[in-house]
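The block underneath contains the structure these notes are about, expressed in structure tokens.
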Protein chains: 2
Amino acid sequence: MALIVHKYGGTSMGSTERIKNVAARVAKWHDAGHRVVVVPSAMSGETNRLIGLAKEIMSQPDPRELDMIASTGEQVSVGLLAMALLARGKDAVSYTGWQVGIKTDSAFTKARIQSIDDSRVRADLDAGKIVIITGFQGVDDEGNISTLGRGGSDTSAVAIAAALKADECLIYTDVDGVYTTDPRVVSEARRLHQITFEEMLELASLGSKVLQTRSVEFAGNYRVPTRVLSSLTDPLMPLEEEANSGTLISFEEESNMEQAVISGIAFHRDEAKITVLGVPDKPGVAYHILGPISEANIEVDMIIQNQSVDGKTDFTFTVSRNDYQRAMGVLEGVKAEIGAAKILGDAKVSKVSAVGVGMRSHVGVASQMFRTLSEEGINIMMISTSEIKISVLIDEKYMELAVRALHKAFNLEQA
Amino acid sequence: MALIVHKYGGTSMGSTERIKNVAARVAKWHDAGHRVVVVPSAMSGETNRLIGLAKEIMSQPDPRELDMIASTGEQVSVGLLAMALLARGKDAVSYTGWQVGIKTDSAFTKARIQSIDDSRVRADLDAGKIVIITGFQGVDDEGNISTLGRGGSDTSAVAIAAALKADECLIYTDVDGVYTTDPRVVSEARRLHQITFEEMLELASLGSKVLQTRSVEFAGNYRVPTRVLSSLTDPLMPLEEEANSGTLISFEEESNMEQAVISGIAFHRDEAKITVLGVPDKPGVAYHILGPISEANIEVDMIIQNQSVDGKTDFTFTVSRNDYQRAMGVLEGVKAEIGAAKILGDAKVSKVSAVGVGMRSHVGVASQMFRTLSEEGINIMMISTSEIKISVLIDEKYMELAVRALHKAFNLEQA
């Protein structure tokens, strides 16, 4: 029988009634003879409540102390879920991250897992127990509690699955899988039965926020078969049916050979574009512009530098719209130093991307994409490409139109 | 300068505003040059909320999992208090029980502290930090989280003070010290400036519930000077005044030599009396009666066995009124087995005790007590004595009268 890791989000753990439902589902898998490890999130709202308390005391909470506080939400969840299983007559035991040696670095509130000691969990599984482990957290070398940041429980689940060499990691969530695009934008959007890690990475980071990006990287690096599926189904639905539902994120590219060239259309509505005009075109210009941005902890996405004219060049990049005002402020501060003539900004832009491993072996995807947008009269402001993705920056008001047109142009409504 | 341990109860930690007040008080002590360790309880209501969640899932929660859950209340408190101190510019750091090696046995929900590793705390104090440690909890040899039971944070504070050889352990609470009796019963009740551990033990376990009994035992065994004082005063009141407020529980008996013979009148309203009539007077009878009571986890207080008549004897004991029905049920179940003629009960009795180390060297305390009660027409049902205490069981309706009369008879209103 298989070793399976289940992960449940905060909504699934949102009340004691729902926790009992989770226990019923977990028990079903254990009854079928599988070895089961469960990683639940904090009850919905709990992490926000805790962070709210912290902010009442310190507007910028101390990261180490914030982790001390925020990590308790998951600790309560694991205890409650263990009890719900014990109440069903199942042998279950809960552990915090430090109790099962989930070692991280000391980057509090955004720590990274370094290693997991699986001995205690293996011993419990050997004894027939269901093991429940806190997501979102670990412990650093000095024994300080650390958290992985928002959505970190996905990463915990995949990391634990990797350490245990689990047969599959099931991420139960409030969507029933990964879609060709957001069904709220395109009603014909279709659930994908399978997707590669690389595609998932592009889709996740671009807005189909089903799984935390880092968890997908982890799954890819450690080759953990990971499935995203719905926690809203009847917990007692037939196991075989449940086991094949959702979307499997696979690491076998060949299995996708017969699939479409493009797997999905991702988008990111809240982008902002900043252009630095007339900077001297000499070595280090990019660094002098982006260095201060990076020091302000602002993430930059697309970057373009134009051909130099008369020793001057223009430099354009995008940031998340939340960071737009701050980024503009930073640049105004260093404008004189970098010798820029002018700084322009546009906070009403969106990014639309076509994603698919199939485009590696198919030419013409880019031209198909540009033609489609052109036919709809949509102007392209910036373009960036990777091996399996083409992204364009467009005016925000055309975003839905662009997504619908591309979804149709690449025949994504058809399986 | 001194090493001081502060302990704050749930009411003092009841909101982020109150936590800031605690921080102001702690900072005052640190500013005066003292080394300060703080042990805060969970925010008021939090432990009950957590236990309530557990009971929604399991009416008799699994003890290990309950401790996993219940211990989080204090973890949140230490993080918030550390932040409140950091926000004031103080260097502070919080720890859970396991992080500073508070080792306990594995008796979950009522664990006992076995050892504390003080090295980490000492290093932080040497570095000028204020150290904040979770009360109520520790970790067993297998790394499971354990809690000490209700009021356990008092014990944690005293145990930590003992491990650090602190100069004084200050228990901040919502009363301003230990009184000669409950001021709600006797308006002339007077605050004691000093009391011995033995007296405190008798007063605490008899109803003046200022400190958890076990914490007083700990303080006595390890000779930790412990002071009970009010957390409701202005946090910025002069330190010298605060340091001399409340009641000091001392281990120097001689310092009490000049004090009154009796230190206080304790009482326990909610007692119940059970009499087993006509049991055969043979070896083992007490065990056969009290064995089943003890197995049902019911605590027995006073015990009397009468002179045997015709090979039969009567056996009387008291239990807490909460346990009365259960104790009667247990005895009815074993009545035939123990050969009892009849079982009688009275759930409307109360215990009143005169307590004082001075009575060791003074005869006549008992007769003074009995005469006073007799003059008030109060019948004594049972009597029990120890070196520093005389307790009587009386009809509940005379309890207040007895306490007032004894308080006056022993001149307790006069300092």
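Numbered from 1 within each chain, the chains take letters A, B, ... in sequence-line order. Computed from heavy atoms alone, side chains included, the values below leave out hydrogens, waters and symmetry copies.
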Quick one: pull up [atom1] in [X] and [atom2] in [Y] and give me the separation to the nearest 0.5 Å.
X        : Y        : atom1 : atom2 : result
B:Met237 : B:Leu239 : CE    : CG    : 9.0 Å
B:Leu66  : B:Ile57  : CG    : CD1   : 11.5 Å
B:Ser12  : B:Asn21  : OG    : CG    : 9.5 Å
A:Ser44  : A:Arg49  : OG    : CZ    : 12.5 Å
A:Tyr172 : A:Ser230 : OH    : OG    : 10.0 Å
A:Glu65  : A:Ile145 : CD    : CD1   : 10.0 Å

Quiz item: So which bits of residues 75-96 of chain B come within less than 4.5 Å of chain A, counting non-hydrogen atoms only?
Solution: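 When heavy atoms of chain A are the reference, residues 75-96 of chain B contributes B:Gln75, B:Val76, B:Val78, B:Gly79, B:Leu80, B:Ala82, B:Met83, B:Ala84, B:Leu86, B:Ala87, B:Ala92, B:Val93, B:Ser94, B:Tyr95, B:Thr96 within the under-4.5 Å range.
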
Quiz item: Is any residue of residues 98-135 of chain B within less than 4.5 Å of chain A by heavy atoms, and which ones?
Solution: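 Residues in range: B:Trp98, B:Gln99, B:Arg120.
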
Practice problem: Against chain B, label A:Glu142 side chain, backbone, both or neither, depending on which of its atoms sit under 4.5 Å from a heavy atom there. | Solution: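 For A:Glu142, heavy atoms of backbone and side chain both lie under 4.5 Å from chain B.
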
Quiz item: What part of A:Leu53 lies closer than 4.5 angstrom to a heavy atom of chain B: side chain, backbone, both or neither?
Solution: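 Answer is both: backbone and side chain atoms of A:Leu53 are under 4.5 Å from chain B.
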
[X] vs [Y] side-chain heavy atoms within contact, under 4.5 Å:
X        : Y       : answer
B:Glu46  : B:Met13 : no
B:Ser153 : B:Lys7  : yes
B:Pro61  : B:Lys55 : yes

Quiz item: So which of A:Glu17, A:Lys20, A:Arg64 has the largest heavy-atom pair count under 4.5 angstrom toward chain B?
Solution: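 The option with the most such pairs is A:Arg64.
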
Quiz item: With respect to chain B, which residue among A:Val139, A:Thr72, A:Asp67, A:Asn144 yields the maximal number of heavy-atom pairs within a distance under 4.5 Å?
Solution: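 Option with the greatest count: A:Thr72.
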
Practice problem: Determine the interplanar angle of the B:Trp29 and B:His6 rings, folded into 0 to 90°, and report it as parallel if under 30°, tilted if 30 to 60°, perpendicular if over 60°. | Solution: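 Because their plane-to-plane angle is over 60°, the rings of B:Trp29 and B:His6 count as perpendicular.
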
Quiz item: Do the side-chain N and O atoms of A:Arg25 and A:Thr233 include a donor-acceptor pair separated by under 3.5 angstrom?
Solution: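 Present: a donor and an acceptor within the cut-off.
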
